Amino acid sequence: MAVSGLALGGFVIGHLSGNLLLFLGRDAFNSYAEWLHGNQGLLWGARLGLLAMIALHVRTALVLRKRNTDARPVRYAFESTVQASQASRSMLLTGLLVLAYVILHLAHFTWGWLDSTAGATETLTRAGEEVVRHDTYGMVVAGFQNVFYSAIYIAAMVVLALHLSHGFHSLFQSLGLRHPSYTPKIEMGARVLAWGIAGAYMSIPFAVLSGGVS
Amino acid sequence: MNLDSNIPSGPLEKKWESRRFDLKLVNPANKRKYNIIVVGTGLAGGSAAATLGELGYNVKAFCHNDSPRRAHSIAAQGGINAAKNYQGDGDSVFRLFYDTIKGGDFRAREANVYRLAEVSTNIIDQCVAQGVPFAREYGGYLANRSFGGAQVSRTFYARGQTGQQLLLGCYQALSRQVASGQVKMYPRTEMLDIVVVDGHARGIITRNLVTGKIERHAADAVVLATGGYGNVFYLSTNAKNCNVTAAFRAYKRGAAFANPCYTQIHPTCIPVSGDYQSKLTLMSESLRNDGRIWVPKKQGDTRAPGDIPESERDYYLERKYPSFGNLAPRDVASRAAKEACDDGRGVGPGGLGVYLDFADSIARLGEDAIRQRYGNLFHMYAKITGEDPYKSPMRIYPAVHYTMGGLWVDYHLMTNVPGLYAIGEANFSDHGANRLGASALMQGLADGYFVLPYTISDYLASQKPGSVDDQHAAFDACETDVRERVAKLLDINGKRTVDSFHRELGKIIWDECGMARNKAGLKQALQKIPALREEFWENVCVPGGTGETFNQSLEKAGRVADFMEFGEMMCRDALVREESCGGHLREEHQTADGEAKRDDENFCHATAWEFQGVDKAPKEHREPLEFENVELAVRSYK
Amino acid sequence: MRVTLHVWRQNGPDDKGQIVRYPLDDVSEHMSFLEMLDVLNETLIESGDEPVAFDHDCREGICGACSLMINGVAHGPQAGTTACQLHMRSFKDGDEIYIEPWRAKAFPVIKDLVVDRSAFDRIISAGGYVSVNTGSAQDANLVPIGKDDADEAFDYATCIGCGACVASCKNASAMLFVGAKFSHLEKLPQGQVEADRRATAMVEQMDIEGFGNCTNQYECQAVCPKEIKVDAIARLNRAFSRSTVKNG
């Protein structure tokens, strides 16, 4: 869980840094997208790697869940929790919600099944020649102008934050990296990082909805 | 009855060495042909079973708990003595020997005690090698503290949980043998009888406490390590399930029971709080290193302890025993507490308590230092009483804690029944009439690791392995006895619960055979106990239908039935010992200032009782004690 | 005071079992929780019923026999306390108290509140010891051990094997128990020799017994009567990974 989670967490951060280029304007964002798609080897390498990690992460989660439920065949009549966080107790649920959202997100922006603007292009002049490229910026802005979709996106980011807030510090424990003075900082850092990432992602639909980005 | 102590000749310090050379050995290839049964897997039994397994014998080990790790040795708090002299404060094997003999009020065998002091050093080495986390100094070397009855610092400890750490070390060694197959472990199994064939112990009958199944186990030798009988008092610091059954069954099959009247009343326990009280909790004697014991000078003083000025406090141990002060031995400290309370100066509900005050030490060393030394004990006290001992003094009162008496054994730890051994608290050998603090753990481990494994080979070498199997007629007879007894208990269907009988028995014993005894009281107890026993067998209620299930009431009933007989023997022993010594104080025999008065002329012996029948008086035998290396002195801690 | 108990009654391993309600009057706040159950049992026996079976022995918080889930919390509401050391002053008049056995596949119920914890013994047998025979030890002071290391080893060694960690873990994992024994021995030079072997063997046995996996929720640490820290689990994780990588 820790190793695949770490890889997926890395993607979440990488993807975010790409997305935040949106705030630098249409050109910067579309150039990034063009560059990404221009390196098919890199792109597909990353996609396959991610796919493998998702498969591994999900499979391990399900196997563990099966073993963990089997480990307690009879439940308590009176259930109570002393200190486990809500986030830690709903990892499977939040994980599956994030997975469902990722599929929706791919369907929306990558496969363009949900939105007619997905295939929009822009034309620009490069070294005297006219070039037509995919208008990713326009697609994103149009997508988020849909309040319904933005709401789903924002909700998904809250779920992601919950998932990451437990996942980030948990991986240190699973790898045996624990120390009386560093661990509290790691735990705090994990929460800050998780909510920071989610906040940064959410800033995009908010910016679009508020008209800051158009 | 043959009570040959089998003590080697020669000078004291050479006895064990020369005996080890004389002992017959079993060669390594033959060891696996011998089966040994070990009943009880606390410090003594666990260490014996592990060591016998390592040596290559086939061992079957039994305990009534669900795991050997729960034996009551685990509750020992303060520490374990060893004559390491790491502190360079004048300790030596001879001094530990002398302190133990003197502490026992000259009622133990010299040779046994000397051997105990001799092997004490090996125990510490062995335990450290097993990973027992003893307390250490910053330099990395082992720390020591002092304990009652000694003027040197020779007690090794692991905070207030020394017994736990030693037991876990021993349990782990045992687990290793279980994994290797040398030891087969039978948890939740209680020994209900011992099988004697042609005068030799050849096996046991057990009850599986989960299924209720009665089973037979044959062996070439049987080792009893089943602890003491403190629960005859009902309220004691023993664990609830501690009992005398195994030792008492052995007694009924011919083993002599020695000195049952020697019981130790520990001075520092938490006082009783109500009728529902199920057991008493000990506060380690080590607390007396830093705590000062006092009562108000005035009778019936009900002021809060903080409101009583220094000048109106009586630090009675410091006053009466200036050289040992608060570290006077247990019997002395307990009696002094009783005296203060009898004088109407006790504190707390019912006036049955004295203060153990840490204010001076906290002022001198700081609260942190005290927390470091006794944190878990203070924590436990606070949980039980709801009071904070950092702020106000603890209230303590004496309680039954340990029993020095037990099955009579010779120098080889063998009872008078050949092939039957008794080790640890179950035997009578090393502590005389009073045990010093931190010596129980020492004796248990000495017996199990370093004595029994040597001496048992001497017996086995003379026996043909597997001479008796569990189909022998003696097993049939013994099993029938056990079944009938179980059935009888279940059939009574009376009105009173087992616990109510146990409480009543305990009250009789505590009143008449507790901290102070006298002829009239003991005679009265000898009337009351048989009457109570009779009622028990007519009116006890043991629910649960058949014995073929998990039935805790049945377990308890069997044990209490044995206590009912045992308590009578104990009072009888106290009655015939017309002297005061150690834990046995006869009110008729004390000095003018209330100290125990021994009678070495007439009572310098161990009394061993031989069973004659349930309602018959047992036969008294005496093993004279000879002292060649120490002078019998009046025990003084002044 | 007056309390109402809801106690799990189960006649034997194969019985289905159910919660039974017992109102209890005249409970003193100075009673221990187990003394309160003693009182209940005395009344049950006197009225011809079978008493509630529960494991207990030392009643001073060290043997680890007692094992009660009290209102969904292992050993009840007071932190750092076994059920036998819990006193009724932690409850108030009129309280409803649910008492259940430890629940785990690896701890099957024997009767009522009594469970079989022999899985723990088998885990220790798998490697929770230092392989040293009696008599082969050198002098105890030959190897100095720093006070801090000895103290930390002690903190782990203080585990009483009660099983509260398993009972409270949402996954019925035994990682705190195993981690505590592993860490105790690993902190000491005597135990370091076979540390990796021990980690692998104990974890394998734990899996065989059917305990769940640690998902780092730390309920175990919160209920451990000896307040053993999950640092023990991290140490075990580290050693287990190290030994897995090393041995391929």
Side-chain angles (χ1 to χ4, degrees), chain B residues 50-51 54 65-67 69-70 72 74-75 84 86 124-126 128-131 133-142 158-159 161 164-165 168 171-173 175-176 178-179 187 210 239-241 273-274 276-279 281 380 383-384 386 449 453 497 499 541 543-544 549-550 552-553, chain C residues 12 28 30-32 34-35 38-39 42 45-46 48-51 53 55-65 81 85 87 89 110-111 114 116-118 120-121 124-126 128-134 137-141 144-147 150 153-154 157-158 161 184-185 188 190-191:
Chain B
T51 307
E54 288 163 8
N65 281 106
D66 67 331
S67 162
R69 68 179 299 145
R70 307 207 199 283
H72 197 54
I74 205 159
K84 279 285 196 186
Y86 281 157
I124 303 303
D125 300 342
Q126 182 63 29
V128 166
Q130 288 172 343
F134 282 120
R136 287 176 185 268
E137 309 289 357
Y138 281 107
Y141 295 98
L142 290 158
R159 271 179 234 169
Q161 289 160 240
Q164 179 198 26
Q165 294 310 316
L168 292 181
Y171 157 71
Q172 287 163 204
S175 298
R176 178 168 158 248
V178 170
V210 177
K240 289 295 286 175
N241 296 310
S273 74
Y276 46 79
Q277 190 92 22
S278 61
K279 75 152 282 170
T281 303
M380 180 153 53
K383 274 191 285 204
I384 292 173
Y449 283 136
T497 65
D499 275 356
C541 172
T549 54
F550 185 84
Q552 290 174 318
S553 302
Chain C
S28 155
H30 296 300
M31 281 180 183
S32 73
L34 301 191
E35 283 167 348
D38 289 342
V39 170
E42 292 284 289
I45 296 172
E46 277 160 8
D49 290 328
E50 264 203 68
D55 262 329
H56 65 102
D57 202 17
C58 79
R59 298 206 178 189
E60 46 190 274
I62 194 74
C63 75
T81 305
Q85 294 273 282
H87 281 67
R89 65 181 77 92
I110 291 174
K111 184 172 183 174
V114 177
D116 177 358
R117 285 170 285 188
S118 53
F120 271 9
D121 289 327
I124 297 295
S125 280
Y129 46 75
V130 173
S131 299
V132 55
N133 281 359
T134 304
Q138 56 184 2
D139 185 83
N141 253 352
I145 301 172
K147 181 171 168 27
F154 178 91
T158 191
H184 153 215
L185 295 174
L188 299 170
Q190 290 84 0

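Since the model is a prediction, treat every value here as computed from it, not as a measurement. In what follows, chains are A, B, ... by sequence order, proteins preceding strands, each numbered from 1.
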Asks: Quick check for you: among B:G386, B:A239, B:A173, B:G139, which has the greatest number of heavy-atom pairs under 4.5 Å with chain C?
Replies: B:A239
Asks: Please classify the contact of B:F134 with chain C as side chain, backbone, both or neither, using a heavy-atom distance under 4.5 Å.
Replies: backbone
Asks: Report yes if the side chains of B:Y276 and C:D38 come closer than 4.5 Å at any heavy-atom pair, otherwise no.
Replies: no
Asks: Between B:Q126, B:Q552, B:R176, which has the largest tally of heavy atom pairs under 4.5 Å with chain C?
Replies: B:R176
Asks: Within the structure provided, determine whether C:I45 and B:S553 are in side-chain contact (heavy-atom separation under 4.5 Å).
Replies: yes
Asks: Which one wins on heavy-atom pair count under 4.5 Å against chain B: C:G12, C:S32, C:A137, C:C63?
Replies: C:C63
Asks: Could you pull out all residues at least two apart from B:H72 that satisfy ring pair (Phe, Tyr, Trp, His ring centres under 6.0 Å)?
Replies: none
Asks: Does C:S125 reach the main-chain N or O of B:S175 with its side chain, forming a donor-acceptor pair under 3.5 Å?
Replies: yes
Asks: Tell me which of these, B:R69, B:R136, B:Q277, has more heavy-atom pairs under 4.5 Å with chain C than the rest.
Replies: B:R136
Asks: Heavy-atom pairs under 4.5 Å with chain B: which of C:H30, C:R59, C:E50 has the most?
Replies: C:R59
Asks: Heavy-atom distance under 4.5 Å between the side chains of B:Q172 and C:I124, does that happen here?
Replies: yes
Asks: Using non-hydrogen atoms only, which part of B:Q164 is less than 4.5 Å away from chain C: side chain, backbone, both, or neither?
Replies: side chain
Asks: Is C:I110 in contact with chain B via its backbone, its side chain, both, or neither, using a 4.5 Å heavy-atom distance?
Replies: side chain
Asks: Look at B:G131, B:A135, B:A50 and state which one has the largest set of heavy-atom pairs under 4.5 Å with chain C.
Replies: B:G131
Asks: Quick one: which of C:G128, C:C58, C:G61 has the most heavy-atom pairs under 4.5 Å with chain B, could you say?
Replies: C:C58
Asks: Heavy-atom cut-off 4.5 Å, strictly under: side chain, backbone, both or neither for B:E137 against chain C?
Replies: backbone
Asks: Applying side-chain contact (heavy atoms from CB on, under 4.5 Å) to B:M380 and C:Q85, what does each step give before you reach the verdict?
Replies: CA-CA 8 Å; B:M380 180 153 53; C:Q85 294 273 282; 3.2 Å; yes
Asks: Who among C:L34, C:T134, C:V132, C:I62 has the most heavy-atom pairs with chain B under 4.5 Å?
Replies: C:T134
Asks: Would you mind checking if C:D139 and B:K84 are paired as a salt bridge, meaning a charged N to carboxylate O distance below 4.0 Å?
Replies: yes
Asks: Heavy-atom distance under 4.5 Å to chain B: side chain of C:Q138, backbone, both or neither?
Replies: backbone
Asks: Can you say whether B:S273 sits under 4.5 Å from chain C via the side chain, the backbone, both, or neither, judging by heavy atoms?
Replies: side chain
Asks: For the candidates C:A150, C:G191, C:G64, C:G48, which exhibits the highest count of non-hydrogen atom pairs separated by less than 4.5 Å from chain B?
Replies: C:G64
Asks: Using non-hydrogen atoms only, which part of C:H56 is less than 4.5 Å away from chain B: side chain, backbone, both, or neither?
Replies: both
Asks: For the interface with chain B, which of C:A153, C:A53, C:S118, C:G146 has the highest count of heavy-atom pairs at distances below 4.5 Å?
Replies: C:A53
Asks: Okay, side chain of B:K240, backbone of B:S278: is any donor-acceptor separation there less than 3.5 Å?
Replies: yes
Asks: Assess whether a salt bridge exists between B:K279 and C:E35, defined as any Lys/Arg side-chain N lying under 4.0 Å from an Asp/Glu carboxylate O.
Replies: no
Asks: Charged N to carboxylate O below 4.0 Å: is that the case for C:D55 and C:R117?
Replies: yes
Asks: Can you tell which part of C:L188 gets under 4.5 Å to a heavy atom of chain B, answering side chain, backbone, both or neither?
Replies: side chain
Asks: Can B:R70 and C:D57 be counted as an ion pair, charged N to O under 4.0 angstrom?
Replies: no
Asks: Quick check on B:L142 against chain C: is it the side chain, the backbone, both or neither that has a heavy atom closer than 4.5 Å?
Replies: both
Asks: At a 4.5 Å cut-off on heavy atoms, which part of B:S67 comes close to chain C: side chain, backbone, both, or neither?
Replies: both
Asks: Tell me yes or no: between the side chains of C:T158 and B:Q161, is some donor less than 3.5 Å from an acceptor?
Replies: yes
